[in-house]
Amino acid sequence: MAEEKADAEDQKSAADDKKNAQETETNSSQSSPRGRRSSVSGKAKPGLCRVRLLDGTDYEIEIDRRSKGGELIDKICEYLNIMEKDYFGLTYHDHEVARNWINFDKRIGKQMKNLPWVFSFEVKFYPPDPAQLQEDITRYQLCLQIRNDILCGKLPCSFVTLALLGSYLVQSELGDYDPDEHGNNYLSEFRFAPNQTPELEEKVVELHKQHKGQTPAEAELHFLENAKKLAMYGVDLHQAKDSEGIDIMLGVCSSGLLVYRDRLRINRFAWPKILKISYKRNNFYIKIRPGEFDQFESTIGFKLHNHKAAKRLWKVCVEHHTFFRLMSPEAPPKPKLFLPRFGSKFRYSGRTQYQTRQASAMIDRPPPHFERTLSNKRFTRSMDGAPGYSRERPSPTQRPDESKRHTLSGPPSRGYPSDEKVNEQSTSVATTPEEVSRSEKLKEAEVEKKKESKVSPSFAANLHMEF
(Lines give C-alpha, C1' and ligand atoms only; values in the text may rest on other atoms or scores of the structure.)
Protein backbone atom coordinates (compact mmCIF):
# COMPACT_ATOMS: atom_id res chain seq x y z
CA MET A 1 0.00 0.00 0.00
CA ALA A 2 2.76 2.41 0.83
CA GLU A 3 4.47 1.77 -2.53
CA GLU A 4 1.18 2.28 -4.47
CA LYS A 5 0.53 5.52 -2.56
CA ALA A 6 4.05 6.78 -3.37
CA ASP A 7 3.59 5.94 -7.06
CA ALA A 8 0.30 7.85 -7.15
CA GLU A 9 1.91 10.91 -5.56
CA ASP A 10 4.78 10.80 -8.09
CA GLN A 11 2.37 10.65 -11.03
CA LYS A 12 0.36 13.56 -9.61
CA SER A 13 3.47 15.71 -9.13
CA ALA A 14 4.67 14.91 -12.67
CA ALA A 15 1.29 15.96 -14.10
CA ASP A 16 1.43 19.22 -12.13
CA ASP A 17 4.96 19.97 -13.40
CA LYS A 18 3.88 19.36 -17.01
CA LYS A 19 0.87 21.66 -16.60
CA ASN A 20 3.01 24.45 -15.11
CA ALA A 21 5.53 24.11 -17.94
CA GLN A 22 2.76 24.45 -20.55
CA GLU A 23 1.39 27.57 -18.82
CA THR A 24 4.87 29.11 -18.63
CA GLU A 25 5.46 28.45 -22.35
CA THR A 26 2.09 29.97 -23.25
CA ASN A 27 2.75 33.12 -21.21
CA SER A 28 6.24 33.56 -22.67
CA SER A 29 4.94 33.19 -26.24
CA GLN A 30 2.25 35.79 -25.64
CA SER A 31 4.69 38.25 -24.05
CA SER A 32 7.38 37.86 -26.72
CA PRO A 33 7.31 40.00 -29.91
CA ARG A 34 6.98 36.87 -32.04
CA GLY A 35 3.92 35.83 -30.07
CA ARG A 36 2.38 39.26 -30.46
CA ARG A 37 3.03 39.25 -34.19
CA SER A 38 1.41 35.83 -34.54
CA SER A 39 -1.73 37.05 -32.79
CA VAL A 40 -2.07 40.04 -35.10
CA SER A 41 -3.43 39.65 -38.60
CA GLY A 42 -0.87 39.39 -41.36
CA LYS A 43 -1.90 42.61 -43.11
CA ALA A 44 -0.13 45.74 -41.88
CA LYS A 45 -1.91 49.01 -41.24
CA PRO A 46 -1.87 51.25 -44.35
CA GLY A 47 0.03 54.53 -44.24
CA LEU A 48 -0.89 57.87 -45.80
CA CYS A 49 1.43 59.16 -48.54
CA ARG A 50 1.39 62.71 -49.83
CA VAL A 51 2.88 63.25 -53.27
CA ARG A 52 3.51 66.65 -54.86
CA LEU A 53 2.72 66.40 -58.54
CA LEU A 54 4.37 68.42 -61.28
CA ASP A 55 1.41 70.79 -61.66
CA GLY A 56 1.84 71.88 -58.03
CA THR A 57 -1.08 69.88 -56.60
CA ASP A 58 -0.92 67.31 -53.80
CA TYR A 59 -2.09 63.74 -54.29
CA GLU A 60 -2.84 61.69 -51.17
CA ILE A 61 -3.02 57.91 -51.20
CA GLU A 62 -3.09 55.14 -48.61
CA ILE A 63 -0.56 52.37 -49.16
CA ASP A 64 0.68 49.38 -47.20
CA ARG A 65 3.61 50.37 -45.00
CA ARG A 66 5.51 47.31 -46.19
CA SER A 67 5.14 48.29 -49.85
CA LYS A 68 8.12 48.92 -52.09
CA GLY A 69 8.77 52.13 -53.95
CA GLY A 70 7.77 50.57 -57.26
CA GLU A 71 4.24 49.96 -56.01
CA LEU A 72 3.80 53.64 -55.15
CA ILE A 73 5.10 54.94 -58.49
CA ASP A 74 2.81 52.48 -60.29
CA LYS A 75 -0.23 53.83 -58.44
CA ILE A 76 0.72 57.44 -59.21
CA CYS A 77 1.29 56.76 -62.91
CA GLU A 78 -1.99 54.84 -63.03
CA TYR A 79 -3.75 57.83 -61.49
CA LEU A 80 -2.13 60.22 -63.98
CA ASN A 81 -2.79 57.78 -66.85
CA ILE A 82 0.92 57.63 -67.77
CA MET A 83 2.20 54.52 -69.51
CA GLU A 84 5.74 55.76 -70.28
CA LYS A 85 6.53 55.78 -66.58
CA ASP A 86 10.20 54.79 -66.73
CA TYR A 87 11.27 58.43 -67.18
CA PHE A 88 9.78 59.44 -63.81
CA GLY A 89 10.72 58.94 -60.19
CA LEU A 90 9.96 60.00 -56.61
CA THR A 91 12.16 62.20 -54.44
CA TYR A 92 12.21 62.94 -50.72
CA HIS A 93 14.35 64.99 -48.35
CA ASP A 94 16.23 63.32 -45.51
CA HIS A 95 17.24 64.75 -42.13
CA GLU A 96 20.14 66.59 -43.80
CA VAL A 97 17.69 68.27 -46.22
CA ALA A 98 19.36 66.38 -49.07
CA ARG A 99 17.31 65.31 -52.07
CA ASN A 100 17.15 61.54 -52.58
CA TRP A 101 15.52 59.27 -55.15
CA ILE A 102 13.29 56.47 -53.94
CA ASN A 103 14.64 53.01 -54.71
CA PHE A 104 11.80 51.07 -56.33
CA ASP A 105 13.20 47.69 -55.21
CA LYS A 106 13.31 48.48 -51.48
CA ARG A 107 10.57 48.99 -48.94
CA ILE A 108 9.55 52.60 -48.48
CA GLY A 109 9.75 52.37 -44.69
CA LYS A 110 13.39 51.26 -44.77
CA GLN A 111 14.34 54.24 -46.92
CA MET A 112 12.41 56.91 -45.04
CA LYS A 113 13.54 55.94 -41.49
CA ASN A 114 11.06 57.88 -39.34
CA LEU A 115 10.59 60.58 -41.98
CA PRO A 116 7.12 61.77 -43.02
CA TRP A 117 5.92 60.06 -46.16
CA VAL A 118 6.04 63.18 -48.32
CA PHE A 119 7.34 62.76 -51.86
CA SER A 120 7.68 64.71 -55.09
CA PHE A 121 6.83 63.22 -58.47
CA GLU A 122 9.54 64.34 -60.92
CA VAL A 123 11.22 63.53 -64.19
CA LYS A 124 14.30 61.44 -63.39
CA PHE A 125 15.64 60.73 -66.88
CA TYR A 126 15.26 63.65 -69.29
CA PRO A 127 14.89 62.25 -72.83
CA PRO A 128 17.47 63.75 -75.21
CA ASP A 129 14.84 63.85 -77.95
CA PRO A 130 11.37 64.53 -76.50
CA ALA A 131 9.81 64.08 -79.94
CA GLN A 132 10.42 60.33 -79.62
CA LEU A 133 8.04 60.11 -76.67
CA GLN A 134 4.99 58.20 -77.76
CA GLU A 135 2.17 60.08 -76.03
CA ASP A 136 1.25 63.74 -75.55
CA ILE A 137 0.48 63.22 -71.88
CA THR A 138 4.12 62.23 -71.26
CA ARG A 139 5.37 65.34 -73.08
CA TYR A 140 2.95 67.45 -71.06
CA GLN A 141 4.45 66.18 -67.80
CA LEU A 142 7.93 66.92 -69.15
CA CYS A 143 6.81 70.48 -69.97
CA LEU A 144 5.68 70.93 -66.39
CA GLN A 145 9.05 69.70 -65.11
CA ILE A 146 11.03 72.05 -67.36
CA ARG A 147 8.84 74.97 -66.39
CA ASN A 148 9.53 74.20 -62.73
CA ASP A 149 13.26 73.95 -63.42
CA ILE A 150 13.26 77.37 -65.09
CA LEU A 151 11.33 79.07 -62.29
CA CYS A 152 13.52 77.47 -59.62
CA GLY A 153 16.70 78.62 -61.37
CA LYS A 154 17.91 75.11 -62.14
CA LEU A 155 17.59 75.64 -65.90
CA PRO A 156 18.99 79.10 -66.76
CA CYS A 157 18.48 80.58 -70.20
CA SER A 158 18.72 83.89 -72.01
CA PHE A 159 16.09 86.60 -72.39
CA VAL A 160 15.22 85.56 -75.94
CA THR A 161 14.84 81.90 -74.98
CA LEU A 162 12.66 82.77 -71.98
CA ALA A 163 10.39 84.83 -74.22
CA LEU A 164 10.13 82.11 -76.84
CA LEU A 165 9.43 79.34 -74.33
CA GLY A 166 6.91 81.53 -72.57
CA SER A 167 5.08 82.21 -75.82
CA TYR A 168 4.65 78.49 -76.42
CA LEU A 169 3.29 78.06 -72.90
CA VAL A 170 0.74 80.80 -73.53
CA GLN A 171 -0.24 79.24 -76.86
CA SER A 172 -0.72 75.88 -75.15
CA GLU A 173 -2.93 77.42 -72.49
CA LEU A 174 -4.91 80.13 -74.23
CA GLY A 175 -4.76 79.15 -77.86
CA ASP A 176 -4.51 81.76 -80.60
CA TYR A 177 -4.06 85.38 -79.66
CA ASP A 178 -7.34 87.33 -79.69
CA PRO A 179 -7.05 91.08 -78.99
CA ASP A 180 -10.72 91.36 -78.04
CA GLU A 181 -10.56 88.49 -75.55
CA HIS A 182 -7.06 88.85 -74.12
CA GLY A 183 -6.53 92.60 -73.97
CA ASN A 184 -3.28 94.19 -72.86
CA ASN A 185 -2.80 92.57 -69.44
CA TYR A 186 -3.68 88.95 -70.11
CA LEU A 187 -0.27 87.66 -68.96
CA SER A 188 -0.57 88.98 -65.40
CA GLU A 189 -1.09 85.47 -63.95
CA PHE A 190 1.69 83.83 -65.96
CA ARG A 191 5.26 83.33 -64.85
CA PHE A 192 8.03 82.60 -67.33
CA ALA A 193 11.19 83.44 -65.39
CA PRO A 194 12.42 83.77 -61.80
CA ASN A 195 12.79 87.53 -62.28
CA GLN A 196 10.06 88.45 -64.71
CA THR A 197 9.99 91.95 -66.19
CA PRO A 198 7.44 93.93 -68.25
CA GLU A 199 9.88 93.84 -71.17
CA LEU A 200 9.80 90.04 -71.11
CA GLU A 201 5.99 90.00 -71.07
CA GLU A 202 5.89 92.36 -74.06
CA LYS A 203 8.23 90.07 -75.95
CA VAL A 204 6.09 87.04 -75.08
CA VAL A 205 2.96 88.78 -76.40
CA GLU A 206 4.77 89.65 -79.61
CA LEU A 207 5.87 86.05 -80.19
CA HIS A 208 2.51 84.63 -79.10
CA LYS A 209 0.86 86.36 -82.05
CA GLN A 210 3.08 84.36 -84.42
CA HIS A 211 1.92 80.94 -83.17
CA LYS A 212 -1.56 81.15 -84.66
CA GLY A 213 -3.09 77.78 -85.45
CA GLN A 214 -0.92 75.63 -83.14
CA THR A 215 -2.74 73.10 -80.96
CA PRO A 216 -1.71 72.65 -77.31
CA ALA A 217 0.18 69.45 -78.20
CA GLU A 218 2.06 71.18 -81.04
CA ALA A 219 2.95 74.16 -78.84
CA GLU A 220 4.25 71.84 -76.10
CA LEU A 221 6.35 69.94 -78.63
CA HIS A 222 7.90 73.20 -79.88
CA PHE A 223 8.52 74.14 -76.25
CA LEU A 224 10.43 70.90 -75.66
CA GLU A 225 12.35 71.11 -78.93
CA ASN A 226 13.81 74.46 -77.83
CA ALA A 227 14.27 73.54 -74.17
CA LYS A 228 16.37 70.46 -75.00
CA LYS A 229 19.00 72.75 -76.61
CA LEU A 230 19.75 74.45 -73.30
CA ALA A 231 23.13 73.59 -71.78
CA MET A 232 21.68 72.63 -68.38
CA TYR A 233 18.77 70.57 -69.71
CA GLY A 234 18.46 67.35 -67.72
CA VAL A 235 21.62 67.95 -65.63
CA ASP A 236 21.49 66.66 -62.04
CA LEU A 237 23.96 68.81 -60.05
CA HIS A 238 25.95 67.76 -56.97
CA GLN A 239 28.24 69.96 -54.87
CA ALA A 240 31.84 68.77 -54.59
CA LYS A 241 35.49 69.85 -54.38
CA ASP A 242 38.32 69.03 -56.74
CA SER A 243 41.78 67.75 -55.78
CA GLU A 244 42.87 71.28 -54.88
CA GLY A 245 39.90 71.89 -52.59
CA ILE A 246 38.14 74.31 -54.94
CA ASP A 247 34.34 74.26 -54.94
CA ILE A 248 32.89 72.74 -58.09
CA MET A 249 29.62 71.22 -59.27
CA LEU A 250 29.37 67.73 -60.74
CA GLY A 251 26.51 67.27 -63.18
CA VAL A 252 25.11 63.93 -64.32
CA CYS A 253 23.11 63.78 -67.55
CA SER A 254 22.29 61.45 -70.43
CA SER A 255 25.64 62.01 -72.17
CA GLY A 256 27.99 61.67 -69.20
CA LEU A 257 29.53 63.56 -66.28
CA LEU A 258 30.04 67.35 -66.39
CA VAL A 259 32.27 69.54 -64.20
CA TYR A 260 31.40 73.19 -63.47
CA ARG A 261 33.47 75.85 -61.74
CA ASP A 262 32.48 79.50 -61.27
CA ARG A 263 29.36 79.09 -63.41
CA LEU A 264 31.33 77.66 -66.34
CA ARG A 265 31.68 74.11 -67.58
CA ILE A 266 35.37 73.24 -67.39
CA ASN A 267 35.30 69.56 -68.28
CA ARG A 268 33.12 66.84 -69.72
CA PHE A 269 33.50 63.08 -69.42
CA ALA A 270 31.29 61.18 -71.86
CA TRP A 271 30.06 57.76 -70.81
CA PRO A 272 32.17 55.91 -73.44
CA LYS A 273 35.26 57.63 -72.03
CA ILE A 274 34.60 56.46 -68.45
CA LEU A 275 35.81 52.98 -67.58
CA LYS A 276 34.78 52.81 -63.92
CA ILE A 277 33.04 54.87 -61.26
CA SER A 278 33.47 54.24 -57.55
CA TYR A 279 33.34 55.89 -54.15
CA LYS A 280 35.14 55.41 -50.86
CA ARG A 281 34.11 57.29 -47.75
CA ASN A 282 33.38 60.83 -49.00
CA ASN A 283 35.52 60.51 -52.15
CA PHE A 284 34.15 59.88 -55.64
CA TYR A 285 36.43 58.46 -58.35
CA ILE A 286 36.18 58.03 -62.11
CA LYS A 287 38.65 55.98 -64.14
CA ILE A 288 39.20 57.49 -67.58
CA ARG A 289 40.08 55.60 -70.75
CA PRO A 290 43.52 56.61 -72.11
CA GLY A 291 43.37 59.26 -74.79
CA GLU A 292 45.03 59.36 -78.17
CA PHE A 293 48.37 60.50 -76.77
CA ASP A 294 48.08 58.75 -73.39
CA GLN A 295 49.56 55.37 -72.59
CA PHE A 296 47.86 54.52 -69.29
CA GLU A 297 44.47 54.93 -67.71
CA SER A 298 43.97 57.84 -65.32
CA THR A 299 41.82 58.18 -62.21
CA ILE A 300 40.28 61.49 -61.16
CA GLY A 301 38.97 62.00 -57.65
CA PHE A 302 36.49 64.44 -56.16
CA LYS A 303 35.64 65.10 -52.52
CA LEU A 304 32.00 65.42 -51.45
CA HIS A 305 30.40 66.59 -48.23
CA ASN A 306 30.11 63.16 -46.61
CA HIS A 307 29.82 59.46 -47.33
CA LYS A 308 26.09 59.66 -48.08
CA ALA A 309 26.62 62.38 -50.68
CA ALA A 310 29.32 60.31 -52.42
CA LYS A 311 27.11 57.23 -52.50
CA ARG A 312 24.15 59.31 -53.72
CA LEU A 313 26.22 60.65 -56.64
CA TRP A 314 27.50 57.16 -57.45
CA LYS A 315 23.96 55.78 -57.58
CA VAL A 316 22.79 58.57 -59.89
CA CYS A 317 25.71 57.85 -62.23
CA VAL A 318 24.97 54.11 -62.26
CA GLU A 319 21.31 54.71 -63.05
CA HIS A 320 21.94 57.26 -65.81
CA HIS A 321 24.62 55.13 -67.46
CA THR A 322 22.44 52.04 -67.40
CA PHE A 323 19.31 53.80 -68.63
CA PHE A 324 20.86 55.70 -71.53
CA ARG A 325 23.78 53.47 -72.59
CA LEU A 326 22.76 49.82 -72.08
CA MET A 327 20.15 47.78 -73.90
CA SER A 328 19.17 45.95 -70.71
CA PRO A 329 20.11 46.44 -67.04
CA GLU A 330 22.95 44.46 -65.54
CA ALA A 331 22.07 41.57 -63.25
CA PRO A 332 23.05 42.01 -59.59
CA PRO A 333 26.18 40.13 -58.53
CA LYS A 334 25.57 36.63 -57.26
CA PRO A 335 26.58 36.01 -53.63
CA LYS A 336 29.53 33.67 -53.18
CA LEU A 337 29.51 31.16 -50.34
CA PHE A 338 31.99 31.53 -47.52
CA LEU A 339 33.39 34.72 -49.01
CA PRO A 340 32.84 38.26 -47.68
CA ARG A 341 31.03 40.70 -49.94
CA PHE A 342 32.80 43.96 -50.77
CA GLY A 343 31.20 47.04 -52.29
CA SER A 344 27.57 47.85 -52.90
CA LYS A 345 25.20 45.41 -54.57
CA PHE A 346 23.05 48.28 -55.90
CA ARG A 347 22.12 48.01 -59.56
CA TYR A 348 19.54 49.81 -61.66
CA SER A 349 16.77 47.28 -62.18
CA GLY A 350 14.23 49.27 -64.21
CA ARG A 351 13.85 49.36 -67.95
CA THR A 352 16.45 51.11 -70.05
CA GLN A 353 15.64 53.78 -72.63
CA TYR A 354 15.97 51.16 -75.35
CA GLN A 355 13.46 48.89 -73.64
CA THR A 356 11.17 51.82 -72.87
CA ARG A 357 11.02 52.85 -76.53
CA GLN A 358 10.25 49.29 -77.52
CA ALA A 359 7.43 49.10 -74.98
CA SER A 360 6.11 52.53 -76.02
CA ALA A 361 5.90 51.40 -79.64
CA MET A 362 3.53 48.64 -78.50
CA ILE A 363 1.08 51.07 -76.85
CA ASP A 364 -2.26 50.52 -78.54
CA ARG A 365 -4.80 52.95 -77.20
CA PRO A 366 -6.39 56.18 -78.41
CA PRO A 367 -4.70 59.40 -77.25
CA PRO A 368 -5.71 59.77 -73.60
CA HIS A 369 -7.84 62.75 -72.68
CA PHE A 370 -6.40 64.63 -69.72
CA GLU A 371 -7.67 67.79 -68.16
CA ARG A 372 -5.30 70.71 -67.92
CA THR A 373 -5.95 72.43 -64.60
CA LEU A 374 -4.85 75.84 -63.36
CA SER A 375 -1.63 75.24 -61.48
CA ASN A 376 -1.81 78.45 -59.44
CA LYS A 377 -4.90 77.18 -57.59
CA ARG A 378 -3.69 74.62 -55.12
CA PHE A 379 -5.95 71.72 -54.24
CA THR A 380 -5.48 68.23 -52.87
CA ARG A 381 -6.25 65.06 -54.75
CA SER A 382 -7.16 61.89 -52.89
CA MET A 383 -8.42 58.43 -53.68
CA ASP A 384 -11.81 59.15 -52.16
CA GLY A 385 -12.62 62.25 -54.20
CA ALA A 386 -12.58 60.92 -57.72
CA PRO A 387 -12.35 64.26 -59.58
CA GLY A 388 -9.89 65.48 -56.94
CA TYR A 389 -11.33 68.90 -56.14
CA SER A 390 -11.25 70.48 -52.73
CA ARG A 391 -14.33 71.78 -50.98
CA GLU A 392 -13.56 75.35 -51.92
CA ARG A 393 -13.17 74.48 -55.62
CA PRO A 394 -16.41 73.98 -57.60
CA SER A 395 -16.87 71.02 -59.86
CA PRO A 396 -16.13 71.29 -63.62
CA THR A 397 -19.83 71.50 -64.42
CA GLN A 398 -20.07 74.63 -62.28
CA ARG A 399 -17.12 76.20 -64.11
CA PRO A 400 -18.24 76.39 -67.75
CA ASP A 401 -16.10 79.45 -68.51
CA GLU A 402 -12.86 77.86 -67.34
CA SER A 403 -10.84 76.63 -70.28
CA LYS A 404 -9.28 73.20 -70.22
CA ARG A 405 -6.25 74.63 -71.97
CA HIS A 406 -5.06 76.31 -68.78
CA THR A 407 -2.03 74.24 -67.94
CA LEU A 408 1.19 76.03 -67.22
CA SER A 409 0.26 79.53 -66.12
CA GLY A 410 0.81 79.36 -62.40
CA PRO A 411 4.19 79.28 -60.70
CA PRO A 412 4.99 75.98 -59.00
CA SER A 413 4.91 76.05 -55.23
CA ARG A 414 7.85 73.68 -55.24
CA GLY A 415 11.11 74.48 -53.51
CA TYR A 416 14.22 72.41 -53.20
CA PRO A 417 16.14 73.46 -50.10
CA SER A 418 19.13 71.42 -51.20
CA ASP A 419 19.33 73.39 -54.44
CA GLU A 420 19.71 76.86 -52.93
CA LYS A 421 23.44 76.85 -53.51
CA VAL A 422 22.91 75.38 -56.95
CA ASN A 423 20.80 78.38 -57.88
CA GLU A 424 23.57 80.70 -56.79
CA GLN A 425 26.02 78.99 -59.12
CA SER A 426 23.68 78.66 -62.08
CA THR A 427 24.91 80.03 -65.35
CA SER A 428 23.09 82.08 -67.95
CA VAL A 429 23.34 80.23 -71.23
CA ALA A 430 23.08 82.49 -74.28
CA THR A 431 21.07 80.13 -76.47
CA THR A 432 19.06 81.72 -79.30
CA PRO A 433 16.46 79.33 -80.79
CA GLU A 434 16.10 79.05 -84.52
CA GLU A 435 12.46 80.06 -84.38
CA VAL A 436 13.38 83.73 -83.87
CA SER A 437 13.42 85.00 -87.42
CA ARG A 438 15.95 87.37 -88.96
CA SER A 439 13.29 90.01 -89.48
CA GLU A 440 12.59 89.95 -85.74
CA LYS A 441 16.25 90.62 -85.01
CA LEU A 442 16.36 93.50 -87.47
CA LYS A 443 13.31 95.06 -85.88
CA GLU A 444 14.86 95.00 -82.41
CA ALA A 445 18.12 96.36 -83.79
CA GLU A 446 16.22 99.34 -85.22
CA VAL A 447 14.60 99.97 -81.83
CA GLU A 448 17.99 99.96 -80.15
CA LYS A 449 19.27 102.31 -82.83
CA LYS A 450 16.52 104.83 -82.09
CA LYS A 451 17.21 104.66 -78.36
CA GLU A 452 20.95 105.14 -78.79
CA SER A 453 21.06 107.99 -81.27
CA LYS A 454 24.79 108.48 -80.71
CA VAL A 455 25.63 104.97 -81.81
CA SER A 456 27.11 104.71 -85.28
CA PRO A 457 25.43 102.56 -87.96
CA SER A 458 28.32 100.11 -88.03
CA PHE A 459 28.09 99.54 -84.25
CA ALA A 460 24.36 98.94 -84.55
CA ALA A 461 25.06 96.29 -87.18
CA ASN A 462 27.58 94.60 -84.91
CA LEU A 463 25.07 94.72 -82.07
CA HIS A 464 22.55 93.01 -84.30
CA MET A 465 24.99 90.28 -85.23
CA GLU A 466 25.87 89.62 -81.61
CA PHE A 467 22.21 89.48 -80.65
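Residue indices begin at 1 and follow the sequence shown. Only a predicted model underlies this, so the values are computations on that prediction, with no experimental measurement involved.
- Looking only at distances, no side-chain donor or acceptor of Asp64 sits under 3.5 Å from a matching main-chain atom of Ser67.
- Separating the NZ atom in Lys154 from the CD1 atom in Ile146 is a distance of 12.0 Å, to the nearest 0.5 Å.
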*Arg312 and Asp94: salt bridge (charged side-chain N to carboxylate O under 4.0 Å, His left out), yes or no, with the steps?*
CA-CA 12 Å; Arg312 189 183 308 118; Asp94 56 19; 3.8 Å; yes
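- Annotation: the span from Lys315 atom NZ to His320 atom NE2 amounts to 15.0 Å, rounded to 0.5 Å.
- With respect to Arg365 and Glu135, a salt bridge is recorded, a charged nitrogen being found less than 4.0 Å from a carboxylate O.
- Distance alone, capped at 3.5 Å, places no donor-acceptor pair between the Asn81 side chain and the Cys77 backbone.
- The aromatic ring centres of Tyr87 and Phe125 sit 6.0 Å or more apart.
- For the atom pair His93 NE2 and Leu115 CG, the distance stands at 11.0 Å (nearest 0.5 Å).
- A 6.0 Å sphere centred on NZ of Lys124 holds more than 12 heavy atoms belonging to other residues, nucleotides or ligands.
- Of all the heavy atoms in Ser172 and Glu220, the pair that sits closest is OG-OE2, 3.0 Å.
- Comment: Glu62 does not engage Lys75 in a salt bridge, judged by the lack of any side-chain N to carboxylate O separation of less than 4.0 angstrom.
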_Phe269 vs Ile300, side-chain contact (heavy atoms from CB on, under 4.5 Å): CA-CA, chis, key distance, verdict_ = CA-CA 11 Å; Phe269 303 100; Ile300 303 176; 3.5 Å; yes
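- Ring-plane geometry between His211 and Tyr168 is classed as parallel, the angle between the planes falling under 30 degrees on a 0 to 90 degree scale with a further cut at 60.
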*Could you walk me through whether Val205 and Leu187 pass side-chain contact (heavy atoms from CB on, under 4.5 Å), step by step?*
CA-CA 8 Å; Val205 173; Leu187 298 182; 3.3 Å; yes
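- In this structure, Phe192 and Phe190 have parallel ring planes: the angle between them is below the 30° cut-off, well short of the 60° mark.
- Rounding to the nearest 0.5 Å gives a distance of 9.5 Å between OG1 of Thr299 and OH of Tyr285.
- Ion pairing of Asp242 with Lys303 is absent here, as no side-chain N (NZ or NE/NH1/NH2) approaches a carboxylate O to less than 4.0 Å.
- Atom CG of Asn195 has 12 or fewer heavy atoms from other residues, nucleotides or ligands within 6.0 Å.
- The CD atom of Gln141 sits 4.0 Å away from atom CD1 of Ile82, with the distance rounded to the nearest 0.5 Å.
- Under the side-chain hydrogen bond (donor to acceptor under 3.5 Å, both in side chains) criterion, His208 pairs with Gln171, Tyr186, not counting sequence neighbours.
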Side chains of residues 104-112: which donor-acceptor pairs under 3.5 Å do they make with residues two or more places apart or in other chains?
from   : atom 1 : to     : atom 2 : distance (Å)
Asp105 : OD1    : Ser349 : OG     : 3.2
Asp105 : OD2    : Ser349 : OG     : 2.2
Gln111 : OE1    : Asn103 : N      : 2.7
Gln111 : NE2    : Asn103 : O      : 2.8
Gln111 : NE2    : Lys106 : O      : 3.2
Gln111 : NE2    : Arg107 : O      : 3.4

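- In the displayed structure, Glu78 atom CD is contacted under 6.0 Å by at most 12 heavy atoms of other residues, nucleotides or ligands.
- How far NE2 of His238 is from CG of Leu304: 8.5 Å, rounded to the nearest 0.5 Å.
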